[in-house]
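Note: hydrogens, waters and symmetry copies are ignored here, and every other heavy atom, side chains too, is used. Indexing begins at 1, ligand by ligand and atom by atom, following the structure's order. For reference, positions follow the sequence shown, starting with 1.
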Amino acid sequence: MRTLVTDIGELVTNDPARPGLLGTVADAAFLIDDGRVAWVGSSADRNLGDQSNPDLGPADQIVSARGAAVIPGFVDSHNHLLFAGERSAEFAARMAGESYSAGGIATTVAATRAASDAELEANLRALLAQALHSGTTTVEIKSGYGLTVADELRALRIAARHTSETTLMAAHVLPPEYRDNPDAYVDLVIEEMIPAVAAQSLARWVDVFCEEGAFTEAQTERIVTAAGAAGLLTRIHANQLTAGGALRLAARLGCASADHATFASAEDLRALAAAGTVATLLPAIEFSTRQPYPDARRYYAAGVDVAIASDTNPGSGFSNSIPFSIALAVRDMRFTVEQAIHAATAGGAKALRRTDVGGIFPGQRADFSILDAPGYRYLAYRPGVAQIARVYRGGEQVAENPAPYYFDRTADRRDRTDHAPQNHEETR
Ligand code: NIG
Ligand code: FE
């Protein structure tokens, strides 16, 4: 199946071969062949087979973006989606002046352990569907609310049915059973959980919450080293609540990403840049915990690769909207709009060590959203407004939202000819 997406007012490609951070193309079109992007060019070349692309031949189907912007699908590289219960009262207490601590996680651990597999999976499905409708086409999912061998493996088994980006985060907090013997729990993670997960291919990643009230740097180093030896990729929750040495540790251990990175010294940033460890910033968590917003300009100036993720979880922040994170990043973390869009797409892909997603250029999986807006800037310009009109993954449409502002208004004037007005598509 070959699909031509055309009449794109502004296309974000993230193609490093094109000028600008986002490699944007005006009046663009691209061809999808068998779920992958095969060609990107001008919408003037709509009738493929002539002029510049004699080898491409005609498409089977045409999708008109009607002048709207098209962006790559968001790559949300940090999420805790296997949980039961909720903590809205904790959020309200924070807004009234309480501060966030790792302690609240225990509430969710108790609810999650008591939930059935079916309940956990139903909650996961609902959250994934919601994320998809806000333009997220790749999702990382962590365990970490089970904290027993059986409960952690069960979470990963469920997660693995929905994504290839699964993460063992048994080292989230110390389970109550090990309160007096933290190192015995670290032993359990290293000696039982990591080997089981590796043997059963249940996780691609291991993550550790390195923080006061969670795991020490020494414990984190032991777990990350064991994970690497077992062939798993690693990342760390680093410097979320305090300015410890976790960012430098992540760099030294060769982690793909250090996440949160709320508190980062110049030395921390130098270490991340030198190691090629991505800093995954989480704007919606700073929002929901009233933490200081880190200044992204420092990270970029230091040459650090930056990702933006939602960190969807019931405690520190329960927004799974990447457009919301982008708006916060631009307004409060001093990202340029271009940097924020890039960080939520190509940046997330880099944090997940993925080369097949995060952009729209030849070879990439055809994951993208048609916006209900004429330009990508609108994502930050109109915060809180649903502007993801249609979402595609692997070239297939997987979500559609009512698109009352731009997209529908342009139907008459941008429709060039011959496609069905109902679904904006035709089959040839
Ligand atoms: O990324 N920092 C640790 N873990 C999550 C929060 C988990 C929770 O509060 O339930 C986070 O913020
Ligand atoms: Fe997290």
Side-chain angles (χ1 to χ4, degrees), residues 76-95 98-113 115 120 123 127 131 139-147 151-152 155 159 165-176 205-216 219-220 223 234-242 244 246-247 250 255-263 278-294 307-320 322 325 328 348 351-352:
D76 192 352
S77 62
H78 182 143
N79 295 283
H80 308 250
L81 304 181
L82 264 308
F83 65 88
E86 56 98 338
R87 284 152 56 196
S88 60
E90 183 187 311
F91 170 76
R94 267 203 309 276
M95 293 303 105
E98 299 283 310
S99 58
Y100 176 79
S101 84
I105 296 172
T107 312
T108 302
V109 171
T112 304
R113 285 178 176 178
L120 291 180
N123 189 40
L127 290 170
V139 178
E140 181 264 8
I141 305 176
K142 302 175 203 299
S143 67
Y145 293 118
L147 313 184
D151 284 306
E152 289 294 297
E165 301 301 336
T166 50
T167 302
L168 172 68
M169 197 174 178
H172 197 186
V173 285
L174 210 55
W205 298 92
V206 168
D207 195 342
V208 179
F209 187 14
C210 184
E211 187 58 68
E212 281 173 20
F215 293 87
T216 65
Q219 291 166 338
T220 301
I223 293 167
T234 58
R235 49 209 307 114
I236 297 178
H237 280 60
N239 293 26
Q240 174 183 1
L241 306 174
T242 53
L247 288 172
C255 292
S257 173
D259 296 46
H260 289 277
T262 306
F263 301 97
V278 176
T280 299
L281 301 180
L282 307 171
I285 302 306
E286 320 304 5
F287 174 88
S288 175
T289 55
R290 279 204 206 281
Q291 293 240 120
Y293 287 102
I308 288 174
S310 74
D311 191 9
T312 306
N313 75 80
S316 63
F318 197 23
S319 169
N320 55 2
I322 291 287
S325 290
L328 287 180
L352 291 175

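- Close contacts between ligand 1 and Y145 involve ligand atoms 7 (C), 8 (C), 10 (O) [criterion: under 4.0 Å to a heavy atom].
- Below 3.5 Å of separation, one finds no N or O of T108 facing any N or O of ligand 1.
- Against a heavy-atom cut-off of under 4.0 Å, H172 is close to the following atoms of ligand 1: 3 (C), 4 (N), 5 (C), 7 (C).
- With ligand atoms numbered from 1 in the order given, ligand 1 contributes 7 (C), 8 (C), 9 (O), 10 (O) to contacts under 4.0 Å with heavy atoms of I105.
- Nearest N/O/S atom of H237 relative to the Fe ion (ligand 2): this is NE2.
- The distance from ligand 1 to the heavy atoms of Q240 drops below 4.0 Å at these ligand atoms: 2 (N), 3 (C), 12 (O).
- Looking at T107, I105, L120, L127 one by one, the single match for side-chain contact (heavy atoms from CB on, under 4.5 Å) with F83 turns out to be L127.
- Residue contacts with ligand 1 for F83 are absent, since no atom lies close enough (heavy atoms, distance under 4.0 Å).
- In this model, a donor atom of one side chain and an acceptor atom of the other lie less than 3.5 Å apart for D311 and H80.
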Any chance you could lay out the side-chain contact (heavy atoms from CB on, under 4.5 Å) test for H172 and V109, step after step, and finish with the verdict?
-> CA-CA 10 Å; H172 197 186; V109 171; over 6 Å; no
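- In the model, Q291 has no side-chain atom that pairs as donor or acceptor with a side-chain atom of T289 under 3.5 Å.
- The distance from ligand 1 to the heavy atoms of H78 drops below 4.0 Å at these ligand atoms: 1 (O).
- Of all the atoms in ligand 1, the ones that sit under 4.0 Å from a non-hydrogen atom of H80 are 1 (O), 4 (N), 5 (C), 11 (C).
- Considering each of S316, P314, A214, the one bringing a non-hydrogen atom nearest atom 12 (O) of ligand 1 is S316.
- Contacts between H260 and ligand 1, counted as non-hydrogen atom pairs separated by less than 4.0 Å, involve the side chain only.
- Vertex the Fe ion (ligand 2), arms ending at NE2 of H78 and OD1 of D311: the angle is 80° after rounding to 10 degrees.
- Ligand 1 lies less than 4.0 angstrom from a heavy atom belonging to R87.
- Side chain of T167 to main chain of V206: no donor-acceptor pair is present (N/O by atom type, distance under 3.5 Å, no hydrogens or angles).
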Please test R87 against F318 for side-chain contact (heavy atoms from CB on, under 4.5 Å), starting from the C-alpha separation and ending with a verdict.
-> CA-CA 9 Å; R87 284 152 56 196; F318 197 23; over 6 Å; no
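- In this structure a side-chain-to-backbone donor-acceptor pair under 3.5 Å is missing from E140 to T166.
- Side-chain polar atoms of E165 and S77 form no donor-acceptor pair below 3.5 angstrom.
- A perpendicular orientation is assigned to the rings of H78 and H260, their planes being inclined by more than 60° (bins at 30° and 60°).
- When the options T107, N79, V109, D311 are ranked by their closest heavy atom to atom 1 (O) of ligand 1, first place goes to D311.
- For ligand 1 and Y100, the ligand atoms under 4.0 Å from any heavy atom of the residue are 6 (C), 7 (C), 8 (C), 9 (O).
- In this model, no donor atom of one side chain and acceptor atom of the other lie less than 3.5 Å apart for S310 and N320.
- Residue contacts to the Fe ion (ligand 2): H80 brings an N, O or S atom closer than 2.8 Å.
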